[in-house]
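Input: a single structure, listed below in structure tokens.
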Amino acid sequence: MIPVTSFAGKTVAVFGLGGSGLASCHALKAGGADVIAADDNADNVAKAAQAGFVTADLRNVSWTSFAALVLAPGVPLTHPVPHWSVLKAREAGVEVIGDIELFCRERRRYAPDAPFVAITGTNGKSTTTALIAHLTKVAGYDTQMGGNIGTAILSLEPPRTGRVHVIEMSSYQIDLTPSLDPSVGILLNVSEDHIDRHGTLQHYAEVKERLVAAVQARGTSIVGVDDGFCRDIADRLDRAGKNVVRISVKNPLASGIYVEHGTIVRASGGAKSEVAKLGGIGSLRGQHNAQNAACAAAAALAMGISLDVLQNGLRSFPGLAHRMEQIGRRGNVLFVNDSKGTNADATAHALSSFSDIFWIAGGKPKAGGITSLTSFFPRIRKAYLIGEAAQEFSGTLGTQVAHEISQTLDIAVEHAARDAEASGLADAVVLLSPACASFDQYRNFEIRGTRFRELVQALPGVKPVV
């Protein structure tokens with residue numbers, strides 16, 4: 001835990017008592033603050049009270065004694081309308097901040113030069129975060145990983161020399177972190193997402209830009225420039241005097257890092273040199289993972305990690321659980337768990353990475369279904385449809401793709417494994433990438449992915465991928 005001493009002797013309101021909210025309560029209390037905990041959910045309030053915190057309905061208390069409101073990132077700050085607690089805070093002149101802001105203040109007080117890598121982007125944040133954490137561990141750093149990837153930042157160990165914090169940040173978290181100052185900031189990409197929380201795509205991009213614009217004076221801003229928003233952001237950072245490293249997986253760059261024929265290349269002053277090879281690394285298959293790897297490599301280089309250590313780290317990266325996770329092989333058949341592919345855009349990355357796919361898809365459908373995936377249909381040898389979306393997906397696949405309505409994951413795995421093995425294809429892949437939420441049959445995508453892993457590992461003859 002990171003004790004938050006910057007509010008010692010002061011009273012702080014914490015609203016939103018999920019994982020990060022409760023962690024904030026504990027960290028503030030450990031640092032000497034008085035905490036008033038609140039939530040719109042009575043069960044969360046009860047849990048906070050059981051943990052020993054004073055709770056209150058913040059609509060019925062005086063705000064004059066509050067030094068700050070620590071807001072959970074899931075609570076609306078601006079759009080579609082500010083949460084009532086935010087309006088109360090503004091009316092009382094109380095600052096509204098998040099848990100990563102508390103971390104930044106502690107780091108600035110006690111270890112301002114401790115490495116802090118912050119990662120954001122519309123897609124690829126979690127994989128890039130996990131990959132950078134893996135690379136820094138291989139390089140011998142005491143590595144702390146958290147933020148939006150799952151572990152609340154204040155549950156980690158405190159900043160200190162030789163310890164690196166690798167933190168995934170959503171746009172919501174950036175909005176609540178005015179003192180954000182990473183030593184390395186990464187913006188992977190920007191595409192339409194979370195417009196309900198930011199009003200416009202332009203504002204969403206502006207929030208993302210803050211992370212790389214806020215990098216420390218001697219730090220490094222790493223920006224993927226394969227979309228228009230990010231190209232413009234990189235240019236603005238250049239004009240502002242930031243140390244910018246541009247990343248591309250689509251085009252060679254005169255200056256920056258790009259991927260060409262499976263090789264990460266660094267270009268500068270008209271010269272180019274090889275950084276690392278991605279060929280044969282199953283956990284980093286596909287163009288989207290090439291971008292993740294290139295950004296992670298740029299971060300490693302910015303931290304002084306050698307090329308040999310970087311290459312070894314890339315090759316030993318196991319992948320992110322439930323995201324293009326290679327969980328087993330039987331003969332010519334590879335089994336891949338992409339349960340985190342909960343919409344068509346995410347599933348497109350998985351389908352683009354293989355040629356002979358026995359595809360398990362379905363669950364609770366989302367708007368648009370799988371109509372955007374038609375260009376990948378020639379890669380699918382057969383589809384196995386499960387859950388509420390089965391009939392809708394069957395209609396979209398029509399006669400273009402052989403398919404069956406399996407209904408359950410158990411049946412789909414059994415049939416897909418049988419058909420893939422019988423196909424005789426040299427590189428057959430049984431791929432779970434549902435393009436759907438899990439909520440019709442499973443509580444979340446992690447439980448769905450875990451069940452898939454169990455089913456595959458129970459098949460006779462399946463061996464781990466090494």
Just distance, no hydrogens or angles: give the donor-acceptor pairs under 3.5 Å from side chains in residues 247-256, sequence neighbours left out.
| residue | atom | partner | partner atom | Å |
| --- | --- | --- | --- | --- |
| Ser248 | OG | Asp226 | OD1 | 2.6 |
| Ser248 | OG | Lys250 | N | 3.1 |
| Ser248 | OG | Asn251 | N | 3.0 |
| Ser248 | OG | Asn251 | O | 3.2 |

Test item: Asn289 side-chain N/O and Asn292 main-chain N/O as donor-acceptor pair under 3.5 Å: no

Side-chain polar contacts of residues 263-274 - donor-acceptor pairs under 3.5 angstrom, sequence neighbours left out - could you list them?
| residue | atom | partner | partner atom | Å |
| --- | --- | --- | --- | --- |
| Glu274 | OE1 | Lys277 | NZ | 3.3 |

Interatomic spacing from CZ in Phe376 to CD1 in Ile370 - rounded to 0.5 Å: 12.5 Å

Any residue meeting ring pair (Phe, Tyr, Trp, His ring centres under 6.0 Å) with Phe116, in chain and number order, not counting sequence neighbours: Phe103

Val117 and Ile167: CA distance, side-chain angles, deciding distance, side-chain contact (heavy atoms from CB on, under 4.5 Å) verdict: CA-CA 6 Å; Val117 183; Ile167 305 300; over 6 Å; no

Asp419 vs Arg381, salt bridge (charged side-chain N to carboxylate O under 4.0 Å, His left out): CA-CA, chis, key distance, verdict: CA-CA 9 Å; Asp419 295 346; Arg381 299 295 162 252; over 6 Å; no

Derivation of the side-chain contact (heavy atoms from CB on, under 4.5 Å) call for Glu414 and Arg418: CA-CA 6 Å; Glu414 179 187 349; Arg418 175 199 65 199; 5.8 Å; no

Side chains of Leu431 and Ile360 in contact at under 4.5 Å (non-hydrogen atoms): no

Charged N-O contact under 4.0 Å between Asp142 and Arg160: yes

Spacing of Asn123 atom CG and Asp227 atom CG [to the nearest 0.5 Å]: 10.0 Å

Approximate separation, where rounding is to 0.5 Å, of Leu432 CG and Phe452 CZ: 5.0 Å

Among Val413, Leu425, Val429, side-chain contact (heavy atoms from CB on, under 4.5 Å) partner for Phe358: Leu425

Exercise: do Thr120 and Lys208 side chains pair donor with acceptor under 3.5 Å: yes

Within-4.5 Å side-chain heavy-atom neighbours: Gln202 and Glu206: yes

Backbone of Val430 reached by a side-chain donor or acceptor of Trp359 within 3.5 Å: no

Check ion pair Arg246-Asp238 (N to O, under 4.0 angstrom): yes

Separation of Ser221 OG from Ile186 CD1 (nearest 0.5 Å): 10.0 Å

Ser394 (side chain) donor-acceptor with Ala390 (main chain) under 3.5 angstrom: no

Main-chain N/O of Phe445 paired to Ser438 side chain as donor or acceptor, under 3.5 Å: yes

Side-chain H-bond candidate by donor/acceptor type, Asn243 with Thr220, under 3.5 Å: yes

Contacts of type salt bridge (charged side-chain N to carboxylate O under 4.0 Å, His left out), residue Glu157, not counting sequence neighbours: none

Which residues share a ring pair (Phe, Tyr, Trp, His ring centres under 6.0 Å) with His415, sequence neighbours left out: none

Non-hydrogen atoms of Cys230 and Val223 that approach each other most closely: O-CG1, 3.6 Å

CD1-CG distance between Ile100 and Leu211, expressed to the nearest 0.5 angstrom: 9.0 Å

Side-chain (Thr177) to main-chain (Leu180) donor-acceptor, under 3.5 angstrom: no

Any donor-acceptor N/O pair, Asn343 side chain to Ala435 backbone, under 3.5 Å: no

Backbone N/O of Gly121 and side chain of Lys125: donor-acceptor pair under 3.5 Å: yes

Minimal non-hydrogen separation, Ile2 against Ala27, with atom names: O-CB, 3.2 Å

Met303 side chain reached by Pro115 side chain, heavy atoms, under 4.5 Å: yes

His403: ring pair (Phe, Tyr, Trp, His ring centres under 6.0 Å) partners, not counting sequence neighbours: none

Closest heavy-atom pair and its distance - Leu188, Cys295: CD2-SG, 3.5 Å

Residues Glu168 and Ser126: side-chain donor-acceptor under 3.5 angstrom: yes

Residues Glu421 and Asn332: side-chain donor-acceptor under 3.5 angstrom: no

Residue list, side-chain contact (heavy atoms from CB on, under 4.5 Å) with Thr450, at least two apart or on another chain: His322, Arg453, Glu454

Flag for Ser339-Tyr442: side-chain donor and acceptor within less than 3.5 Å: no

Residue pairs involving residues 400-410 (criterion salt bridge (Lys or Arg N to Asp or Glu O under 4.0 Å); sequence neighbours excluded): Lys382-Glu404, Asp410-Arg451

Heavy-atom closest pair, residues Ile132 and Val166: CG2-CG1, 3.9 Å

side-chain contact (heavy atoms from CB on, under 4.5 Å) partners of Ser353, counting only residues at least two apart: Arg285, His288, Met324

Salt-bridge criterion met for Glu101 and Arg105 (N-O under 4.0 Å): yes

Taking every non-hydrogen atom, the tightest pair across Val462 and Gly328: CG1-CA, 3.9 Å

Non-neighbouring partners of Phe317 that pass ring pair (Phe, Tyr, Trp, His ring centres under 6.0 Å), sequence neighbours left out: His134

Residue pairs involving residues 423-432 (criterion side-chain hydrogen bond (donor to acceptor under 3.5 Å, both in side chains); sequence neighbours excluded): none

Nearest-0.5 Å distance, CE of residue Met1 to OG of residue Ser155: 8.5 Å

Side chains of Tyr172 and Asn148, donor plus acceptor under 3.5 Å: no

Smallest separation among heavy atoms of Ser171 and Tyr204, with atom names: OG-CE1, 3.8 Å

Within-4.5 Å side-chain heavy-atom neighbours: Glu106 and Val4: yes

Evaluation steps, side-chain hydrogen bond (donor to acceptor under 3.5 Å, both in side chains), between Thr136 and Thr143: CA-CA 7 Å; Thr136 56; Thr143 300; 2.8 Å; yes

Backbone of Lys340 reached by a side-chain donor or acceptor of Arg323 within 3.5 Å: no

Side-chain donor or acceptor of Arg108 paired with backbone N/O of Ser179 under 3.5 Å: yes

Side chain Ser352, main chain His349, donor-acceptor under 3.5 Å: yes

ring-ring contact (aromatic ring centres under 6.0 Å, His included) partners of residues 227-253, not counting sequence neighbours, each pair once: none

